[in-house]
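What follows is one structure encoded as structure tokens, with my remarks underneath.
Just so it is clear, the values below take in all heavy atoms, side chains as well, and ignore hydrogens, waters and symmetry mates.
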Amino acid sequence: MKDRDYLWCLANGLLDREEQLERLCPDCRGKAEQARCPVCGRPEEPGEGGSNPAFDPAQFQRLKEGGA
């Protein structure tokens, strides 16, 4: 496939998704547009995700500055 073919597929996928959302009532559309967990479907809470509980900011700073 050429670059333009990938772009065409992506654009049509986005248009298909938009058409599907337009068919929903306002309540269902709002629910469909919410960020959700890909496994259980629970809506994401603000500030959730993207954090690593094992991350040590002090060690990161030491390594960033070239320390061991």
Side-chain angles (χ1 to χ4, degrees):
M1 285 179 48
K2 297 181 180 180
D3 288 343
R4 68 175 181 248
D5 297 326
Y6 287 107
L7 180 61
W8 186 87
C9 287
L10 176 63
N12 280 292
L14 292 172
L15 290 173
D16 290 344
R17 168 100 170 126
E18 188 175 307
E19 288 176 3
Q20 290 173 346
L21 289 174
E22 286 176 357
R23 294 176 45 206
L24 300 173
C25 71
D27 289 338
C28 291
R29 183 181 179 130
K31 289 178 187 176
E33 291 176 334
Q34 279 183 335
R36 296 188 171 271
C37 172
V39 177
C40 70
R42 182 177 61 93
E44 289 183 5
E45 299 295 326
E48 214 177 48
S51 64
N52 181 353
F55 180 73
D56 182 2
Q59 181 182 9
F60 174 78
Q61 192 63 33
R62 282 193 308 273
L63 292 172
K64 181 178 168 185
E65 295 170 356

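Within 6.0 Å of CZ in F55 there are more than 12 heavy atoms belonging to other residues, nucleotides or ligands.
In terms of modelled atom types and a separation under 3.5 Å, the side chain of D5 and the main chain of K2 share a donor-acceptor contact.
Annotation for M1 and C9: closest pair CE-SG, 4.1 Å, computed over non-hydrogen atoms. Between A32 and R17, the closest heavy-atom pair is O-NH2, 3.4 Å.
Contact check on R29 versus E33 returns a salt bridge, with a Lys/Arg side-chain nitrogen under 4.0 Å from an Asp/Glu carboxylate oxygen.
Note: D16 CG to L21 CG = 11.0 Å, rounded to the nearest 0.5 Å. Note: L15 CG to E22 CD = 9.5 Å, rounded to the nearest 0.5 Å.
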